[in-house]
Amino acid sequence: MTTDRPVTEPADGGENAEIVIVGGGLAGSLAAAVLARAGHRVALVDKRAVYPDEFRVEKIGGHQLDLIRKLGFLDALEHVACRYDRVLNIREGKVVDVSVGQAYGFSYASLVATARSQIPDCSNLIVDEVIAISNGDDVQHVELASGRRLTARLVVLATGMAGVLGYKLGIRRRVLAERHSVSFGFTIARRDGIPFDLEALTCYGERTADGIDYLSLFPVRDGMRANLFMFRDPTDPIMRELRREPEATILRLLPGLRSYLGDFRVTDRVQNWVMDLTVVEGHLLPGVVLIGDAFQTNCPAAGTGVARLLVDVDRLCTEYAPQWLMSAGMGSEKISQFYSDREKIAADQQSLKMARFRQALTSRNGVGWDVRRRLHFLRRSLTHRVDQMHPGWIGRIRGALRA
């Protein structure tokens with residue numbers, strides 16, 4: 001049940017909301033927009049009025065777009081993103097296949113700003129920092145650095161990998177794979193100023209010793225964006241070389257790229273991110289629920305992080321939270337329903353499965369994995385050739401098998 005009282009109405013010694021969302025990145029901002037548009041009194045708390053342009057999610061496609069559409073954000077996404085429909089996939093300078101399907105490239109900051117713009121009332125965003133949460137079976141108290149206090153029935157932690165608040169609540173983060181992967185993000189352009197003769201491209205690593213899964217090139221508003229995903233020790237000297245001399249280093253690691261890109265340069269700062277695979281423990285608490293990276297981190301190379309995040313937002317904000325608010329109490333038995341949701345569990349498990357598979361396929365040695373790599377790319381190449389000779393044939397067979 002919802003009411004029309006604004007978030008800023010004082011109640012019980014603090015400002016009152018039904019739901020307080022802590023963390024205004026993509027997960028928190030999307031959750032706030034979905035809940036506020038449904039008529040719930042939401043307070044989104046983040047210490048930044050404008051989210052910085054961090055190297056995070058920069059492209060969305062496939063099933064992720066279905067979830068974006070379901071949540072009602074596709075039209076808004078199209079206003080800030082660049083659409084592309086064909087991705088040329090290469091390895092060792094040769095075409096593996098061509099991926100066809102709707103996808104979008106963007107900056108993370110613009111995506112977060114777009115999500116926040118969908119919140120009906122800008123007063124729902126509180127620019128402050130949460131320093132303490134007192135939770136219980138009925139009412140949650142949130143203390144801010146400014147001295148303000150919020151009361152709510154439910155607190156959603158969308159704080160990413162920042163674990164201070166969770167730690168204070170007794171939540172611990174268990175590391176499954178330390179320094180699992182390294183990602184780089186930068187923008188490129190041809191030195192002669194001519195646009196690249198390709199819509200989007202993925203170049204897969206050529207040698208297991210290099211630890212390169214793939215380099216993804218796709219359009220954004222500022223040019224051609226590059227995301228490089230590696231499974232390699234982040235202290236390796238190659239990491240410094242990628243930051244200092246990215247053009248030469250990339251062509252040395254992926255020589256097959258040269259004929260596709262020509263003479264190019266990196267036009268902005270090379271950003272990088274080292275990712276641990278982690279899950280939380282001790283998170284089943286009354287009145288508090290975790291979503292996105294606050295619950296489980298992902299391997300960026302696997303491309304499952306956005307899907308996990310969107311599943312969390314969808315299941316919590318369209319299914320569970322509205323139901324919970326319709327009856328008294330916010331005990332652990334209610335919160336457990338979200339963590340036990342089949343779609344959420346499937347997305348979480350798939351994310352970890354794909355993280356381990358991408359690492360093994362990229363860098364594991366041995367006859368078995370060498371054969372598996374060859375078969376993986378051979379199957380894709382043969383499928384592509386058959387589809388070129390008989391367009392749509394492969395799609396019809398797959399449809400028949402699913403029927």
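Treat the numbers as computed from the prediction; the structure is a model and nothing was measured. What you see below is based on every heavy atom in this structure, not just the backbone, and it leaves out hydrogens, waters and symmetry mates.
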Chemist: Sort and list the pairs that fulfil salt bridge (Lys or Arg N to Asp or Glu O under 4.0 Å) and have at least one residue in residues 247-259, not counting sequence neighbours.
Modeler: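 Found Glu241-Arg252.
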Chemist: Any chance you could lay out the salt bridge (charged side-chain N to carboxylate O under 4.0 Å, His left out) test for Glu54 and Arg56, step after step, and finish with the verdict?
Modeler: CA-CA 6 Å; Glu54 297 178 342; Arg56 301 288 183 92; 3.3 Å; yes
Chemist: Can a salt bridge be assigned to the pair Lys344 and Glu319 using a cut-off of 4.0 Å between side-chain N and carboxylate O?
Modeler: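 A salt bridge is absent here (no side-chain N lies under 4.0 Å from a carboxylate O).
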Chemist: Is a donor on one side and an acceptor on the other found under 3.5 Å between the side chain of Arg308 and the backbone of Gln349?
Modeler: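 No: the side chain of Arg308 does not pair with the backbone of Gln349.
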Chemist: Does Arg174 use its side chain to pair, donor to acceptor, with the backbone of Thr278 at less than 3.5 Å?
Modeler: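 Checking the backbone N and O of Thr278 against the side chain of Arg174, no donor-acceptor pair under 3.5 Å is found.
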Chemist: Start with the C-alpha gap between Met330 and Val139, add the side-chain angles, then the distance that decides, and say whether side chain to side chain contact (heavy atoms under 4.5 Å, CB included) holds.
Modeler: CA-CA 8 Å; Met330 198 60 68; Val139 179; over 6 Å; no
Chemist: Side chain to side chain donor-acceptor pair (under 3.5 Å) with Arg240: which residues, sequence neighbours excluded?
Modeler: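 Scan of Arg240 (side chain to side chain donor-acceptor pair (under 3.5 Å), adjacent residues dropped) gives none.
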Chemist: Sequence neighbours left out, what passes side chain to side chain donor-acceptor pair (under 3.5 Å) with Asp276? Give chain and number order.
Modeler: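 For Asp276, no residue satisfies side chain to side chain donor-acceptor pair (under 3.5 Å) once neighbours in sequence are set aside.
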Chemist: Just so I know, are the side chains of Leu242 and Ile250 near enough to count as touching, which here means a heavy-atom distance under 4.5 Å?
Modeler: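 Yes, close enough: below the 4.5 Å cut-off.
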Chemist: Mind checking salt bridge (Lys or Arg N to Asp or Glu O under 4.0 Å) for Arg244 and listing every partner two or more places apart, or none if nothing turns up?
Modeler: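 Not a single residue meets the salt bridge (Lys or Arg N to Asp or Glu O under 4.0 Å) criterion with Arg244.
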Chemist: ring-ring contact (aromatic ring centres under 6.0 Å, His included): which pairs involve residues 224-277, sequence neighbours left out?
Modeler: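 Matches after skipping sequence neighbours: His180-Phe231, Tyr214-Phe229.
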Chemist: Tell me whether Arg86 is salt-bridged to Glu199, with the criterion being a basic N under 4.0 Å from an acidic carboxylate O.
Modeler: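 No, no charged N to carboxylate O under 4.0 Å.
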Chemist: Please list all pairs passing the salt bridge (Lys or Arg N to Asp or Glu O under 4.0 Å) test where one or both residues lie in residues 207-232, with sequence neighbours left out.
Modeler: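 Counting only pairs at least two positions apart or across chains, the salt bridge (Lys or Arg N to Asp or Glu O under 4.0 Å) contacts touching residues 207-232 are Glu58-Arg225, Arg207-Asp210, Asp213-Arg358, Arg225-Asp268, Arg232-Asp236.
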Chemist: What salt bridge (Lys or Arg N to Asp or Glu O under 4.0 Å) pairs are there with at least one residue in residues 125-135, not counting sequence neighbours?
Modeler: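 Passing the test, one end in residues 125-135: no pairs.
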Chemist: Can you pull out every salt bridge (Lys or Arg N to Asp or Glu O under 4.0 Å) where at least one residue sits in residues 107-120? Sequence neighbours excluded, please.
Modeler: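 Passing the test, one end in residues 107-120: Asp46-Arg116.
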Chemist: Do any pairs count as a ring-ring contact (aromatic ring centres under 6.0 Å, His included) and have a residue in residues 333-352, sequence neighbours left out, and if so which ones?
Modeler: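 Matches after skipping sequence neighbours: His283-Tyr339, Phe295-Tyr339.
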Chemist: Under 4.0 Å between a Lys/Arg side-chain N and an Asp/Glu carboxylate O for Asp138 and Arg153?
Modeler: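 No.
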Chemist: If you round to the nearest 0.5 Å, how far is CZ of Arg269 from OG1 of Thr187?
Modeler: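 It is 11.0 Å, given to the nearest 0.5 Å.
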Chemist: Restricting to salt bridge (Lys or Arg N to Asp or Glu O under 4.0 Å), what partner residues turn up for Arg83, sequence neighbours left out?
Modeler: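 Per chain and number, Arg83 pairs via salt bridge (Lys or Arg N to Asp or Glu O under 4.0 Å) with Asp85.
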Chemist: With sequence neighbours left out, what residues match Asp137 under salt bridge (Lys or Arg N to Asp or Glu O under 4.0 Å)?
Modeler: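 Asp137: no salt bridge (Lys or Arg N to Asp or Glu O under 4.0 Å) contacts found.
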Chemist: Considering only residues two or more places apart or on different chains, which pairs with a residue in residues 44-101 satisfy ring-ring contact (aromatic ring centres under 6.0 Å, His included)?
Modeler: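 Listed by first then second residue: Tyr51-Tyr108.
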